[in-house]
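Here is the structure we will look at.
As the structure is a prediction and not an experimental result, all values here were calculated from the model.
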Amino acid sequence: EVTATAPAKKALSQDEIVIGAVFPMTGAIATYGQESVNGIKMALEVINKSGDLAKKIRLIVEDNKGEPVDSSNAVRKLINIDNVHAIIGSVASSNTLAGAPIAQQNKVPMLTPASTNAKVTMTGDYISRTCFTDDFQGVVMAKFAHETLKKSKALIIVDNSSDYSKGLAKVFSTEFTKLGGTLLGTTDEFTYTQKDTDFRSLLRKVKRQNPDVIFLPGYYTEVGLMLKQAKQLGMSVPFLGGDGWDSPKLQELAGPEAIKGNYISSHFSPDDQDPTVKSFVDAYTESFKQKPGAMAALGYDGMLVLADALKRAGELNHRNIRDAIAKTAGFKGVTGSITIDAARNATKSAVVLETTPAGMAFKQKVAP
Ligand code: PHE
């Protein structure tokens with residue numbers, strides 16, 4: 001179904017494999033990009049050393065600064081200038097949603113290791129992911145709130161500049177209500193925007209509602225400040241979040257008091273005793289002098305899955321690479337077993353982690 005306006009494709013290099021990476025290396029969500037690229041580089045070492053691929057992979061990292069506009073520009077540049085074989089990225093769902101239509105239109109495979117919003121892979125058949133979706137993550141946290149913490153009056157604070165936050169809020173709200181809990185207000189009543197730094201009037205409004213649990217599906221920079229300000233206002237109700245809290249910066253931003261007693265869902269726990277996870281955690285910590293967070297593990301797995309597809313693709317063209325990604329089944333990663341389904345999503349376990357001053361502590365693993 002090539003349309004009259006589709007640009008003619010340049011042949012891909014057969015001497016090397018060129019992979020474009022679109023990640024937030026600077027800006028408010030920079031730890032996502034830094035951890036991802038660390039994980040990807042570790043994976044590339046494994047791949048290039050193994051000799052499994054006949055050709056070397058060359059990685060081109062583009063910094064999207066955490067912004068949708070920079071994300072689409074980066075995808076366009078990687079396709080038009082660098083003639084990449086495939087793209088890995090991005091993290092924030094709104095960023096991936098901005099770049100994915102360009103990859104789809106050009107029929108260049110794009111694999112996101114981390115974007116969980118349901119709409120991401122609906123963009124088209126060249127877009128896939130190696131992580132679970134928010135339809136799962138939101139249910140995990142609603143159940144945790146209602147069944148494990150035994151909370152019944154939830155309030156949701158939403159980042160209205162984020163597709164991720166809005167989508168995850170909806171799923172949590174539906175599930176929490178279905179379980180018999182009460183939602184105070186609606187999902188567009190208590191909102192903020194990325195780059196906000198003063199949440200005190202919002203938090204005063206929230207406090208007056210007297211919730212027994214607060215769901216905050218945000219990213220770590222705003223979440224960290226909000227937790228700190230909530231503590232300063234004398235709030236002691238637990239906050240719950242999703243994978244967007246998973247950053248080595250969260251503890252520092254919230255401070256040792258405000259960080260305690262909150263819970264998130266995520267993709268991976270560095271405390272996992274599984275031998276594959278342990279050896280990844282040890283090698284990563286050795287290389288980067290920091291324990292890996294979820295994004296490090298997701299970046300590592302995403303790159304290994306992409307390399308595995310490249311190995312199986314036969315002649316390297318975009319269609320063959322896409323088809324090989326789609327056939328990924330039972331790939332054993334550090335974030336779990338990865339099978340790409342017909343909707344180009346992966347069904348995987350989630351973990352619930354408690355945020356403590358020392359880092360994220362493992363609470364439970366939830367099977368899909
Ligand atoms: N799931 C988040 C999103 O879609 C991104 C994210 C993944 C952030 C993993 C941190 C860790 O926006």
Side-chain angles (χ1 to χ4, degrees), residues 116 118 131-159 164-165 167-185 187 190 203 206-207 209-220 223-224 226-227 230-231 235-247 250-251 254 256-274 277 293-294 297-298 335-337 347-368:
T116 47
C131 56
F132 55 63
T133 72
D134 292 331
D135 288 339
F136 176 55
Q137 180 171 205
V139 168
V140 166
M141 287 320 278
K143 282 195 176 139
F144 184 79
H146 197 263
E147 290 166 3
T148 306
L149 298 180
K150 312 250 180 279
K151 302 296 183 187
S152 57
K153 288 185 300 169
L155 184 146
I156 307 181
I157 300 179
V158 178
D159 168 359
Y164 159 77
S165 191
L168 193 45
K170 285 244 162 61
V171 178
F172 181 96
S173 140
T174 305
E175 182 69 15
F176 193 76
T177 316
K178 206 172 93 189
L179 291 169
T182 303
L183 188 73
L184 303 175
T187 52
F190 305 99
L203 288 167
V206 167
K207 199 179 169 190
Q209 301 287 317
N210 204 26
D212 60 12
V213 65
I214 296 170
F215 186 54
L216 171 56
Y219 294 146
Y220 67 90
V223 168
M226 206 180 295
L227 293 177
K231 180 83 2 178
M235 294 172 72
S236 55
V237 50
F239 280 78
L240 309 184
D243 54 356
W245 289 33
D246 200 312
S247 163
L250 181 74
Q251 271 69 16
E257 281 315 310
I259 197 72
K260 285 182 201 154
N262 306 301
Y263 301 90
I264 67 165
S265 52
S266 197
H267 306 262
F268 148 93
S269 164
D271 301 335
D272 198 321
Q273 292 306 303
D274 174 281
V277 179
L298 290 170
T335 60
S337 173
T347 301
K348 292 156 79 185
S349 296
V351 292
V352 178
L353 306 173
E354 181 175 358
T355 61
T356 79
M360 306 293 184
F362 178 78
K363 282 305 271 189
Q364 52 181 244
K365 195 165 200 158
V366 186

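Among Asp246, Asp271, Asn262, the one residue that satisfies the side-chain contact (heavy atoms from CB on, under 4.5 Å) test with Leu353 is Asp246.
Looking at residues two or more places apart in sequence or on another chain, you find a side-chain contact (heavy atoms from CB on, under 4.5 Å) between Thr347 and Asp341, Pro368. A search for side-chain contact (heavy atoms from CB on, under 4.5 Å) contacts involving Ser247 returns Thr31, Tyr220, Lys249, not counting sequence neighbours. Residues satisfying the side-chain contact (heavy atoms from CB on, under 4.5 Å) criterion with Lys260, sequence neighbours excluded, are Glu257, Pro357. Residues that satisfy the salt bridge (charged side-chain N to carboxylate O under 4.0 Å, His left out) test with Lys363, not counting sequence neighbours, are Glu354. Residues that satisfy the side-chain hydrogen bond (donor to acceptor under 3.5 Å, both in side chains) test with Tyr164, not counting sequence neighbours, are Asp243. Shown here are the salt bridge (charged side-chain N to carboxylate O under 4.0 Å, His left out) partners of Glu147, two or more places apart in sequence or in another chain: there are none. Looking at residues two or more places apart in sequence or on another chain, you find a ring-ring contact (aromatic ring centres under 6.0 Å, His included) between Phe215 and Phe172. Applying the salt bridge (charged side-chain N to carboxylate O under 4.0 Å, His left out) test to Asp272 and every residue at least two apart in sequence or in another chain returns Lys365. Scored by the side-chain contact (heavy atoms from CB on, under 4.5 Å) test, Ala297 finds Phe268, Phe280, Val334, Thr335 as partners (sequence neighbours excluded). Remark: Phe190 pairs with no residue by the ring-ring contact (aromatic ring centres under 6.0 Å, His included) rule, at least two apart or across chains.
For the pair Val223 and Leu250, the minimum side-chain heavy-atom distance is below 4.5 Å. Looking at heavy atoms from C-beta onward, Val213 lies in side-chain contact with Leu240 at the 4.5 angstrom threshold.
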Side chain to side chain contact (heavy atoms under 4.5 Å, CB included) between Lys150 and Asp212, intermediate numbers included
CA-CA 9 Å; Lys150 312 250 180 279; Asp212 60 12; over 6 Å; no

Using side chain to side chain contact (heavy atoms under 4.5 Å, CB included), reason through Val351 and His267 one step at a time and then give a plain yes or no.
CA-CA 6 Å; Val351 292; His267 306 262; over 6 Å; no

Worked verdict on Ile214 versus Met235 for side chain to side chain contact (heavy atoms under 4.5 Å, CB included)
CA-CA 11 Å; Ile214 296 170; Met235 294 172 72; 3.7 Å; yes

Output, in order, the C-alpha distance, side-chain angles, deciding distance and verdict of side chain to side chain contact (heavy atoms under 4.5 Å, CB included) for Tyr263 and Leu149.
CA-CA 10 Å; Tyr263 301 90; Leu149 298 180; 4.0 Å; yes

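To the nearest 0.5 Å, atoms CD (Gln364) and OG (Ser349) are separated by 11.5 Å.
The shortest non-hydrogen separation linking Ile156 to Pro217 is CG2-CD, 4.2 Å. Ile259 and Leu227 get closest at one heavy-atom pair: CD1-CD1, 4.4 Å. Closest heavy-atom contact between Leu155 and Pro211: CB-CB, 3.8 Å. Nearest heavy atom pair, residue Leu298 against residue Cys131, reads CD2-CB, 4.3 Å. For Gly181 against His146, the heavy-atom pair with the smallest separation is N-NE2, 3.7 Å. Of all heavy-atom pairs between Thr355 and Met360, the closest is CG2-SD, 3.7 Å.
Between the side chain of Asp134 and the backbone N or O of Gln137, no donor-acceptor pair lies under 3.5 Å. The backbone N or O of Ser165 sits nowhere less than 3.5 Å from a side-chain atom of Asp159 that would complete a donor-acceptor pair. Of the possible polar contacts, one joining the Trp245 side chain to the Leu216 backbone as a donor-acceptor pair under 3.5 Å is found.
The salt bridge (charged side-chain N to carboxylate O under 4.0 Å, His left out) pairs that include a residue from residues 169-179 are Glu175-Lys178, where partners are two or more places apart or lie in different chains.
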Could you list the donor-acceptor pairs under 3.5 angstrom formed between side-chain atoms of residues 138-145 and any protein atom two or more places apart in sequence or on another chain?
none

